[in-house]
Structures are given as C-alpha cells and as structure tokens.
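Report on one structure; see the data block that follows.
FYI, side chains are in, hydrogens and waters are out, and symmetry mates aren't considered; it's all heavy atoms of this structure.
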Amino acid sequence: MTDTAPIALVRALEERALNAWPAHQTVFHRGWVFRLSGGYTKRANSVNALVPGTPFDGVREAAATLYARHGLPTVFRLSPLAPPEADKELADAGYQHFDPSVVLHRPLAGLAKPDGSTTVMPTASDAWLDGFGAANAVALHHRALHRTMVQAIAHPTAFAVQHAQGQAVGFGLAVLERGAVGLYDLAVAPQHRGLGRGQALVEALLHWAADAGATSAYLQVRAQNTPALRLYEGMGFRAAYGYHYRVPGRSL
C-alpha cells in the first residue's frame, strides 16, 4: 500500500463516503459520528472520526452506551482521521482489529471505452435491488434496510446492471458528489464471476460519472481481496489510504 494521501483528500473522501451510504440514524459527538442502521453493514453501524486528530476522551464509553441502547455491538471504523490513541485504547480494552480495507482513487482521464454490455439507470428498480441482494447474499431480513438506505442517498446516483441469458447477473452503484464518484454495491452472481463482468460494470459507471462532470473516482475494497485489488489497479486505481475496524471481543 502507498503512503497515506494528504489529510485534506482523506477527509474529502471520508465525507463523500458517509454521504453515499447514509445511516438511518446519526449522532454527532465531539468530532465523531455514531451511525446506526439496524445492523446492516459495518459502515452504516460504526463510529467514525470526522475531524483530523479529534480527541478520543470518553468516546468509547459514550458509544458503548448508545449502541447498547439500540441492541447493536459498538464497532469503530478507524481511518487516518482518527488519532492514534483511539486505536490503542480500543486494543487495550479488548476490541479486535478487523477487516482492514483500502480506499482506492484515480483520475477519470483516459478511460477505457465501455463494451456496451452494461445498462445504467438513475434509480434502483425492484429488479436491481432483488438481484443485488441475491448476488451479494444479503440476508432476507436486511433487504428492506438496504432498500431504504439506497433510496435515502441524496446525491446523483447511477445503478448498473448486466444481463446474461435473459437474467441480471451483475450490479453496481455509483454516487456523484463534488466532482468525485464513489463506487459501491459492486456484485456479480457467483456463477458469472471471472468473466470480466466486474470490470465492465466499473467502466460503465466511470463513463456515466465522467459524462456527468466527475473528474475522479474512488472505491473501497478489503485489503485481503487480492483479485479485486489486482483488477482495480489494472484499471488505474491507486491506494490513497487504509482503514480498519475495531470490534468488541469478536469478529463480525
């Protein structure tokens, strides 16, 4: 992984990512935000720093009280905006290091031309939502939460879908804010993976964004997902910074 990007870029991408995946409830606490969404995805149910180097005094205790009230584990997502003492305090308190991830970033100059296999829509259809849920193995009890979160995105969106033999087999979401497009919900049905569908989805969404005025793109991927990292790096994405989660006493 490369060195961490300038803190101004980190903050700008973190703000966009929080906006692109809205939580059902948010509580602001001394430069941190507590996000709650009924337990669907760690991003939408975690504590995140909003201000570079914001103090951590009392944040762990306040978060634990709030998440317990809602029947949720207290999960911390630690980006370069969080002070080093936050990670140390959580480790000392028994919170486990979990799911290290990388934020990738690239300019939109020099895009490859889409192959025409992907349809891009401005809103999520029922077929897109159901198809993504199946392709990404979203639990049935979380699919209503996913639908409401997608429908709550305030900025311009694009929903990509690919078909094979008359069935939707690939899905992707793009959210455009302040000249940068974030890519989310990229999923291909298991039996159709390894055929270039992921790259075609990304290319189509990047072209949509460029046509809409975007000049850069970003996405987030697990650090252990070597095939995805190889794919995105081959498409011109480079590591901007990393983040990880701290979870209470066990992995999620």
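- For Ala228, the side chain to side chain contact (heavy atoms under 4.5 Å, CB included) criterion is met by Val221, Asn225, Tyr232, not counting sequence neighbours.
- The main-chain N or O of Val138 is never found under 3.5 Å from a side-chain atom of Asn136 such that the two would form a donor-acceptor pair.
- Of all heavy-atom pairs spanning Ala86 and Leu78, the tightest one is CB-CD2, 4.4 Å.
- Identified under the side chain to side chain donor-acceptor pair (under 3.5 Å) test for residues 70-86, with sequence neighbours left out: Glu14-Arg77, Asn48-Arg77.
- Contact record, Gly249 with Gln96: O-NE2, 3.2 Å, taken as the closest heavy-atom pair.
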Exercise for the section: Begin from the C-alpha positions of Asp87 and His97 and carry the test side-chain hydrogen bond (donor to acceptor under 3.5 Å, both in side chains) through to its verdict. Expected result: CA-CA 9 Å; Asp87 196 50; His97 187 281; 6.0 Å; no
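- Counting heavy atoms from C-beta outward, Ser216 and Arg106 have side chains that stay 4.5 Å or more apart.
- Neither Leu231 nor Val188 shares a network with the other; the hydrophobic side chains, linked directly or stepwise wherever heavy atoms of I, L, V, M, F, W or Y lie under 4.5 Å apart, form separate groups for each.
- In this structure, Asp185 has no salt bridge (charged side-chain N to carboxylate O under 4.0 Å, His left out) partners at least two apart in sequence or on a different chain.
- The distance from the CG atom of Leu219 to the CG atom of Leu206 is 8.5 Å, given to the nearest 0.5 Å.
- When side chains are defined from C-beta on, Val75 does not count as touching Arg246, because their heavy atoms never get closer than 4.5 Å.
- Between Leu186 and Val202, the closest side-chain pair of non-hydrogen atoms falls below 4.5 Å.
- Residues that satisfy the side chain to side chain contact (heavy atoms under 4.5 Å, CB included) test with Thr157, not counting sequence neighbours, are Ile153, Phe159, Leu173, Val175.
- Within the 4.5 Å cutoff, side-chain heavy atoms of Trp208 are placed close to those of Leu176.
- Closest heavy-atom contact between Ala135 and Pro190: O-CD, 4.2 Å.
- In this structure the side chain of Glu233 reaches within 4.5 angstrom of the side chain of Arg238, judged on heavy atoms.
- Listed by chain and number, the residues in a side chain to side chain contact (heavy atoms under 4.5 Å, CB included) with Glu61 are Glu89 (sequence neighbours excluded).
- Smallest separation of non-hydrogen atoms from Gly38 and Leu72: C-CD2, 4.0 Å.
- Hydrophobic cluster membership differs between Leu81 and Val27, with clusters built from Ile, Leu, Val, Met, Phe, Trp and Tyr side chains linked at under 4.5 angstrom.
- A single hydrophobic cluster is seen to contain both Leu145 and Val150, as judged by linkage of ILVMFWY side chains at heavy-atom distances under 4.5 Å, directly or through other members.
- Applying the ring-ring contact (aromatic ring centres under 6.0 Å, His included) test to every pair with at least one member in residues 43-69, sequence neighbours left out, gives these pairs: Trp32-Phe56, Phe56-Phe76.
- Tyr243 and Tyr245 have perpendicular rings, their planes meeting at more than 60° on a 0 to 90° scale where under 30° would count as parallel.
- Between the OG atom in Ser37 and the NZ atom in Lys42 there is a gap of 13.0 Å [rounded to 0.5 Å].
- His105 places none of its side-chain heavy atoms less than 4.5 Å from the side chain of Phe237.
- Under the 4.5 Å side-chain contact rule for hydrophobic residues, Leu111 and Leu183 share a cluster.
- Checked against side chain to side chain contact (heavy atoms under 4.5 Å, CB included), Ala209 has the following partners two or more places apart in sequence or in another chain: Leu108, Val181, Ala214.
- The two residues Ala49 and Thr54 have their closest heavy-atom pair at CB-CG2, 4.2 Å.
- For the atom pair Gln151 CD and Leu129 CG, the distance stands at 7.0 Å (nearest 0.5 Å).
- Ile7 and Val103 fall within the same hydrophobic cluster, defined by Ile, Leu, Val, Met, Phe, Trp and Tyr side-chain heavy atoms under 4.5 Å apart, directly or through other members.
- Proximity of Val102 to Leu104: side-chain heavy atoms (C-beta onward) are separated by under 4.5 Å at one or more points.
- Judged as a side-chain hydrogen bond (donor to acceptor under 3.5 Å, both in side chains), and not counting sequence neighbours, the contacts of Thr118 are Gln162.
- Distance check: Asp130 CG to Ser125 OG gives 8.5 Å after rounding to the nearest 0.5 Å.
- Taking all atoms of both residues into account, the shortest heavy-atom contact from Ala168 to His163 is N-CD2, 3.5 Å.
- Among pairs with a residue in residues 11-31, those fulfilling ring-ring contact (aromatic ring centres under 6.0 Å, His included) read Trp21-His146, His29-Phe34, at least two apart in sequence or across chains.
- Applying the salt bridge (charged side-chain N to carboxylate O under 4.0 Å, His left out) rule to Arg178 yields the partners Glu15; only residues at least two apart in sequence or on another chain are considered.
- Note on residues 141-157: pairs passing salt bridge (charged side-chain N to carboxylate O under 4.0 Å, His left out), not counting sequence neighbours, are Asp126-Arg147.
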Exercise for the section: Kindly determine whether Leu36 and Leu66 satisfy side chain to side chain contact (heavy atoms under 4.5 Å, CB included), including the steps that lead there. Expected result: CA-CA 10 Å; Leu36 305 100; Leu66 181 69; 4.1 Å; yes
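- Rounding to the nearest 0.5 Å places NE2 of His192 at 6.0 Å from CZ of Arg197.
- Listed by first and then second residue, the salt bridge (charged side-chain N to carboxylate O under 4.0 Å, His left out) pairs involving residues 16-26 amount to none (not counting sequence neighbours).
- Distance check, rounded to the nearest 0.5 Å: CG of Leu50 to CZ of Arg30 gives 13.0 Å.
- Proximity of Asp99 to His244: side-chain heavy atoms (C-beta onward) are nowhere separated by under 4.5 Å.
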